[in-house]
Asks: 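Could you have a look at this structure, given as structure tokens, before my questions?
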Amino acid sequence: MDFLTLFGIYVAVVLTCMFLVCKYSGQQHSPFNTLLSYVTKVVAPFTPQWLQRFSHWIVHRLFHQRSSLFIYLHILLEGAVFAEFSLEVFGFCREMDSSLTSLSVPYILLAIKTFFFYLCIKTDPGTVTKKKASSLTPIYPYDRRLFHPGVSCETCQLIKPARSKHCSVCNRCVHRFDHHCVWVNNCVGARNTRYFLLYLLSVCGMALAIGLLTADMLLHAVLRSGMLRASYVDERGQQQPAGPLFIVQHLFLTFPRIVFMLGFVVFVFFLLAGYTMFHCFLALVNQTSNEWFKSRGQGCRRCQPAPQADGLCGPAPDRSERYFYSRGLLGNLREIFFPPNASQKKGN
């Protein structure tokens, strides 16, 4: 039972970290930043300079520059899960007369996921260039709360269209910028948000299918072994019925790799399910994660409202409107899956 206790503590710590990350990820002054600053100050005097420089270089290389490392890590983890599922779970399920149709679902979803994963990586998210900037500007009006007319990108040397943002990782401005995803080594913007959403949905479906099939296999293994009616002798010599904890420990000892794979898949599913629901919500209200995080704070500190309306924006819009770019449920979805061209002016 000690092992189960440690595993339970591990799961509790991981879930707590997930909750804190979700809660404070959009705030500049958060407990994470405070804790990180404190730990850095305490550890820095005892850390060799070469190790500090190496740590900074690693962090900068992974999270502040484009890198294919996370793509390879993604493929490695996926390969490990499907190897375990194919070599062990698939065979057990066939012995239990599971249909080939149900067992083929994870592989079908894998093919679909791989297709959208490739499109997320290779599709241009909507790069704003000097040549395109003038034609992209009329697509969205400036809301004068998060996006203001006349604001230029100092790096790209162009006037930024509404809903665009400069990505320091890709070193380019992206139209309808959502975020930079290290897992696809690309920005998520106007042209590939649809692929990113479908990628997330297919990953969640794939994890759910593998989890259900694996859990069903373990449940049948318990039922066939008669563990529910079994008993054991404890350290005091008394006979005790085999309860849930005893059965879980027995499964850990009998199918260690399968149980750990199931735990990983369940963890990934709940983590990605929440993330996918968040992005689906943003799609339904026509808002990007960049706009959502900015709206929780003070908006872009570098953007200042223009004193007067210009010809592109018209009169200053109502700042009390929460979802400024929403065009209704169907209109928002149509904009995600059929992004407007530069020649299509978007009214609001």
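Just so it is clear, the structure is predicted and the values come from calculations on it, not from any experiment.
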Asks: Contact between Leu262 and Phe255 at the side-chain level, heavy atoms closer than 4.5 Å - yes or no?
Replies: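 In short, these two side chains do not touch, never coming nearer than 4.5 Å.
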Asks: Less than 6.0 angstrom separating the ring centers of His179 and Phe293, yes or no?
Replies: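 Between His179 and Phe293, the centre distance exceeds or equals 6.0 Å.
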Asks: Using side-chain heavy atoms (C-beta onward) and a distance below 4.5 Å, is Glu78 in contact with Leu110?
Replies: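 Yes, close enough: below the 4.5 Å cut-off.
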Asks: Please examine the side chains of Phe90 and Leu213, heavy atoms only from C-beta on, and report whether any two atoms are closer than 4.5 Å.
Replies: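 Not touching, per the 4.5 Å side-chain cut-off.
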Asks: Can you tell me if Phe115 has over 12 outside heavy atoms packed within less than 6.0 Å of its CZ?
Replies: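 No, not enclosed.
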Asks: How about His279 and Tyr275: are their ring centroids closer than 6.0 Å?
Replies: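 So the answer is yes for these two rings.
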Asks: Check for me whether Arg163 meets the cation-pi criterion with Tyr325, that is, NZ or CZ under 6.0 Å from the six-membered ring centre and within 45 degrees of the ring axis.
Replies: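 Geometry flag: set, cation within 6.0 Å and 45°.
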Asks: Let me check something: do Leu136 and Val174 share a hydrophobic cluster, defined by ILVMFWY side-chain heavy atoms less than 4.5 Å apart, either directly or through other members?
Replies: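 Result: no, two separate clusters.
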Asks: Shortest non-hydrogen contact from Cys156 to Lys130?
Replies: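 The pair with the smallest heavy-atom distance is O-CE, 3.5 Å.
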Asks: Does His175 form a side chain to side chain contact (heavy atoms under 4.5 Å, CB included) with Lys132? I'd like the steps, not just the answer.
Replies: CA-CA 10 Å; His175 195 229; Lys132 295 179 180 178; over 6 Å; no
Asks: CE of Met277: more than 12 outside heavy atoms within 6.0 angstrom?
Replies: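 Incorrect, the count does not exceed 12.
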Asks: Identify the heavy atoms of Tyr107 and Phe82 that sit nearest to each other, and give their distance.
Replies: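 Where Tyr107 meets Phe82 most closely, the heavy atoms are CE2-CD2, 3.9 Å.
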Asks: Identify whether Tyr199 and Phe177 are in the same connected component of the hydrophobic contact network (ILVMFWY, side-chain heavy atoms under 4.5 Å).
Replies: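 No, because Tyr199 and Phe177 fall into different hydrophobic clusters, even though each may have its own neighbours under 4.5 Å.
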Asks: Roughly how far, to the nearest 0.5 Å, is CZ of Arg191 from OG1 of Thr123?
Replies: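 Rounded to the nearest 0.5 Å, the OG1-CZ separation comes to 9.5 Å.
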Asks: Between Arg145 and Ser295, what is the shortest heavy-atom contact and its length?
Replies: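 Here Arg145 and Ser295 meet closest at NH1-CB, 3.8 Å.
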Asks: For His180 and Val169, work out which heavy atoms get closest and say how close.
Replies: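 Result for this residue pair: NE2-CG1, 3.4 Å.
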Asks: Any side-chain heavy atom of Arg194 within less than 4.5 Å of one from Pro339?
Replies: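 A side-chain contact exists here, since the closest heavy-atom pair is under 4.5 Å.
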Asks: Could you please spell out the steps behind the side chain to side chain contact (heavy atoms under 4.5 Å, CB included) verdict for Thr214 and Glu84?
Replies: CA-CA 10 Å; Thr214 305; Glu84 182 63 27; over 6 Å; no
Asks: Using the rule that Ile, Leu, Val, Met, Phe, Trp and Tyr join whenever any side-chain heavy atoms are under 4.5 Å apart, tell me whether Phe338 and Leu197 fall into a single cluster.
Replies: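 Yes, it is one cluster - the side chains of Phe338 and Leu197 are joined through contacts under 4.5 Å.
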Asks: Taking the six-membered ring for Trp, are Phe92 and His220 closer than 6.0 Å centroid to centroid?
Replies: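 Distance test on ring centres: not under 6.0 Å, no.
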Asks: Under 3.5 Å, is there a donor-acceptor pair between the side chain of Ser68 and the main chain of Ile71?
Replies: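 The answer is no, because no donor-acceptor pair under 3.5 Å joins these two groups.
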Asks: Is there a donor-acceptor pair under 3.5 Å between the side chain of Ser289 and the backbone N or O of Asp178?
Replies: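 Yes; judged by distance alone, with no hydrogens or angles, the pair exists.
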Asks: Hey, which of Asn290, Asn286, Thr288 is the one that makes side chain to side chain donor-acceptor pair (under 3.5 Å) with Arg176?
Replies: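 The side chain to side chain donor-acceptor pair (under 3.5 Å) with Arg176 is passed solely by Asn286 among Asn290, Asn286, Thr288.
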Asks: Find the distance between CD (Gln157) and OG1 (Thr129) and round it off to the nearest 0.5 Å.
Replies: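 Separation between the atoms: 14.0 Å.
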Asks: Could you tell me whether the side chain of Ser98 and the main chain of Arg94 form a donor-acceptor pair under 3.5 Å?
Replies: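 Not at all, since once roles are kept as given, no pair shorter than 3.5 Å links the two residues.
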Asks: Quick check: do Thr276 and Leu201 have side-chain heavy atoms less than 4.5 Å from each other?
Replies: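 Yes - at least one pair of side-chain heavy atoms lies under 4.5 Å apart.
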Asks: Tyr195 and Tyr118: ring pair (Phe, Tyr, Trp, His ring centres under 6.0 Å), yes or no, with the steps?
Replies: CA-CA 9 Å; Tyr195 302 136; Tyr118 175 81; over 10 Å; no
Asks: Between Pro141 and Phe324, is there a side-chain heavy-atom distance shorter than 4.5 Å?
Replies: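 Answer yes - side chains close enough.
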Asks: Going from CD1 on Ile258 to CZ on Phe252, what distance comes out if it is rounded to the nearest 0.5 angstrom?
Replies: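 It comes to 12.5 Å.
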Asks: Kindly compute the distance separating SG (Cys93) from CG (Leu100), expressed to the nearest 0.5 Å.
Replies: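 These two atoms lie 11.0 Å from each other.
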Asks: Heavy atoms only: give me the nearest Leu158-Val128 pair and the separation to one decimal.
Replies: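 Closest heavy-atom pair between Leu158 and Val128: CD2-O, 3.7 Å.
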Asks: Rounded to the nearest 0.5 Å, what separation is found between the NE2 atom of His166 and the SG atom of Cys153?
Replies: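 It is 5.0 Å, given to the nearest 0.5 Å.
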Asks: If you measure from CZ on Phe196 to SG on Cys187, what distance do you get to the nearest 0.5 Å?
Replies: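 These two atoms lie 11.5 Å from each other.
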Asks: Decide yes or no for Pro161 and Ile139: does some side-chain heavy atom of the first lie under 4.5 Å from some side-chain heavy atom of the second?
Replies: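 Answer no - side chains too far apart.
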Asks: Between Val89 and Met261, does a side chain to side chain contact (heavy atoms under 4.5 Å, CB included) hold up when you go through it step by step?
Replies: CA-CA 10 Å; Val89 178; Met261 182 205 71; 4.1 Å; yes
Asks: Taking the side chain from Asn186 and the backbone from Ile121, do they hold a donor-acceptor pair closer than 3.5 Å?
Replies: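 Indeed, once roles are kept as given, a pair shorter than 3.5 Å links the two residues.
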Asks: Show, in sequence, the C-alpha distance, side-chain angles and deciding distance for Ser164 and Tyr140, and conclude whether the side-chain hydrogen bond (donor to acceptor under 3.5 Å, both in side chains) test is met.
Replies: CA-CA 10 Å; Ser164 64; Tyr140 296 111; over 6 Å; no
Asks: So Leu200 and Phe116, side chain to side chain contact (heavy atoms under 4.5 Å, CB included) or not? Walk me through it.
Replies: CA-CA 9 Å; Leu200 289 178; Phe116 290 124; over 6 Å; no
Asks: Which heavy atom in Val203 sits nearest to a heavy atom in Lys113, and how many Å separate them?
Replies: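 Taking every non-hydrogen atom into account, CG2-CG, 3.3 Å.
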Asks: Is the closest side-chain heavy-atom distance between Thr137 and Ile159 below 4.5 Å?
Replies: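 With C-beta onward as the side chain, the pair stays apart.
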